[in-house]
Amino acid sequence: MAKEPPPLVKFIERYIPSMIIAILLVYCFKDINFAVFPHGIPAFAGLLFAVLVNLAVKNSMVSIFGATAIYMILSAVLV
């Protein structure tokens, strides 16, 4: 007989991935200067990757880590 998880665990399981994505969005888009190259390309590529992967795979962790990796790689390469 399986025990029901505590309410805190249910809360974390349900809302933390969305909170992390919101924090990443704010962090990635806060300093974008559209007049200067790379015009926000790394941030928009990370966002697009996160949305597409989350819709396709339905795995928040893959979306979060993949989008972060895309953003960091493109930020390093395009500067």
Side-chain angles (χ1 to χ4, degrees):
M1 192 151 79
K3 290 171 63 174
E4 191 71 22
L8 179 63
V9 173
K10 285 184 175 182
F11 174 82
I12 289 172
E13 185 177 78
R14 182 175 176 126
Y15 295 109
I16 291 295
S18 300
M19 289 183 206
I20 292 172
I21 289 174
I23 290 168
L24 286 172
L25 281 172
V26 171
Y27 175 76
C28 291
F29 288 97
K30 69 180 173 82
D31 292 327
I32 293 178
N33 185 356
F34 293 102
V36 179
F37 184 79
H39 313 293
I41 293 171
F44 286 112
L47 175 63
L48 181 65
F49 179 86
V51 169
L52 293 177
V53 169
N54 201 24
L55 290 174
V57 180
K58 306 271 194 259
N59 188 332
S60 297
M61 296 308 288
V62 172
S63 298
I64 292 167
F65 288 122
T68 303
I70 294 287
Y71 173 77
M72 298 303 282
I73 291 167
L74 288 177
S75 293
V77 170
L78 293 178
V79 174

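Position 1 is the first residue of the sequence; numbering continues from there. Bear in mind the structure is a predicted one, so any value in this text is a computation, not a measurement.
- Interatomic distance, CG of Asn33 versus NE2 of His39, reported as 9.0 Å (0.5 Å rounding).
- Across all their heavy atoms, Leu74 and Pro42 have their closest contact at CB-CB, 3.7 Å.
- There is a path of hydrophobic side-chain contacts, each under 4.5 Å, that joins Ile64 to Met19.
- Hydrophobic side-chain contacts under 4.5 Å tie Leu52 into a cluster, directly or through other members, with Leu48.
- Within 6.0 Å of OH in Tyr27 there are 12 or fewer heavy atoms belonging to other residues, nucleotides or ligands.
- Val26 and Val51 sit in two unconnected hydrophobic clusters of ILVMFWY residues. Membership requires side-chain heavy atoms under 4.5 Å apart, directly or through other members.
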Could you give the side-chain donor-acceptor pairs of residues 2-16 under 3.5 Å, partners two or more places apart or in another chain?
from	atom 1	to	atom 2	distance (Å)
Glu4	OE2	Lys10	NZ	2.5

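- The CD1 atom of Ile20 sits 12.0 Å away from atom CG of Leu25, with the distance rounded to the nearest 0.5 Å.
- Taken to the nearest 0.5 Å, the CG atom of Leu47 stands 12.5 Å off from the CD1 atom of Ile70.
- No continuous path of ILVMFWY side-chain contacts below 4.5 Å connects Phe29 to Tyr71, so the two sit in separate hydrophobic clusters.
- Among all heavy-atom pairs drawn from Gly46 and Ala67, the shortest one is O-CB, 3.3 Å.
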